[in-house]
Novice: 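Handing you a structure now.
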Amino acid sequence: MRFLLAGAVSLSVLATPAFALGTGDKMQAWAAASPAEKDALLQKMDASGGASSKASVRSCLDDTAKAPGHSNLSISDIFKACSEQAGKENI
């Protein structure tokens with residue numbers, strides 16, 4: 001019985017992603033995240049407005065993550081600014 005319990009716990013730990021990008025994370029986490037993690041977070045944050053808007057927001061986030069002095073800014077704050085900028089570009 002203990003073996004089954006230990007196996008179940010081990011399996012659940014292995015199946016859980018080691019790193020999940022979240023809205024409260026800092027831009028340094030965005031810079032280190034995989035493309036799949038970035039896509040999942042953008043979907044979660046609902047970057048609506050079509051593929052070009054989503055691509056524009058993602059590009060803005062990527063550029064901001066590379067900019068000196070921006071690593072400690074919140075992803076959600078930068079997302080909001082990038083979304084607003086993408087909305088203005090689409091007008």
Side-chain angles (χ1 to χ4, degrees):
M1 185 63 144
R2 289 183 186 178
F3 177 75
L4 289 175
L5 181 59
V9 169
S10 297
L11 184 60
S12 68
V13 168
L14 292 174
T16 305
F19 177 75
L21 195 59
T23 58
D25 290 339
K26 304 295 182 188
M27 289 303 293
Q28 62 193 10
W30 177 270
S34 72
E37 290 169 327
K38 291 176 182 180
D39 286 340
L41 183 61
L42 283 175
Q43 261 187 331
K44 185 177 177 181
M45 296 176 83
D46 191 27
S48 59
S52 62
S53 178
K54 182 178 178 182
S56 178
V57 170
R58 182 175 178 150
S59 177
C60 177
L61 284 162
D62 288 339
D63 291 344
T64 304
K66 295 174 192 171
H70 289 79
S71 62
N72 286 327
L73 298 175
S74 168
I75 292 173
S76 59
D77 290 341
I78 302 302
F79 173 83
K80 182 180 176 186
C82 290
S83 296
E84 290 172 0
Q85 178 181 341
K88 291 176 184 177
E89 291 173 359
N90 289 334
I91 293 178

Novice: Give a yes or no on whether the backbone of Gly22 and the side-chain of Asp25 come within a donor-acceptor separation of less than 3.5 Å.
Specialist: yes
Novice: Looking only at non-hydrogen atoms, find the nearest pair between Cys60 and Gln85 and report the distance.
Specialist: SG-OE1, 4.1 Å
Novice: Please assess Lys38 against Asp62 for the test side chain to side chain contact (heavy atoms under 4.5 Å, CB included), listing each intermediate value before the final yes or no.
Specialist: CA-CA 10 Å; Lys38 291 176 182 180; Asp62 288 339; 3.2 Å; yes
Novice: Is any side-chain heavy atom of Leu41 less than 4.5 Å from a side-chain heavy atom of Thr23?
Specialist: yes
Novice: Glu84: which residues meet the side chain to side chain contact (heavy atoms under 4.5 Å, CB included) condition with it, sequence neighbours left out?
Specialist: Lys80
Novice: What verdict does the side chain to side chain contact (heavy atoms under 4.5 Å, CB included) test give for Thr64 and Trp30, after you've listed the backbone C-alpha separation in whole Å, the side-chain angles of each residue and the deciding distance to 0.1 Å?
Specialist: CA-CA 10 Å; Thr64 304; Trp30 177 270; over 6 Å; no
Novice: Residues in side chain to side chain contact (heavy atoms under 4.5 Å, CB included) with Ser74, at least two apart?
Specialist: Ser76, Asp77
Novice: Run the side chain to side chain contact (heavy atoms under 4.5 Å, CB included) check on Val57 and Lys54 step by step: do they pass?
Specialist: CA-CA 5 Å; Val57 170; Lys54 182 178 178 182; 5.8 Å; no
Novice: If every non-hydrogen atom of Leu42 is compared with every non-hydrogen atom of Arg58, which pair is closest and at what distance?
Specialist: CD1-CB, 3.7 Å
Novice: Look at the side chain of Ser59 and the backbone N and O of Ala55, then say whether any donor-acceptor pair between them is shorter than 3.5 Å.
Specialist: no
Novice: Output, in order, the C-alpha distance, side-chain angles, deciding distance and verdict of side chain to side chain contact (heavy atoms under 4.5 Å, CB included) for Met27 and Leu61.
Specialist: CA-CA 8 Å; Met27 289 303 293; Leu61 284 162; 4.0 Å; yes
Novice: Quick check: closest heavy atoms across Leu21 and Glu37, and the distance to 0.1 Å?
Specialist: CD2-O, 4.0 Å
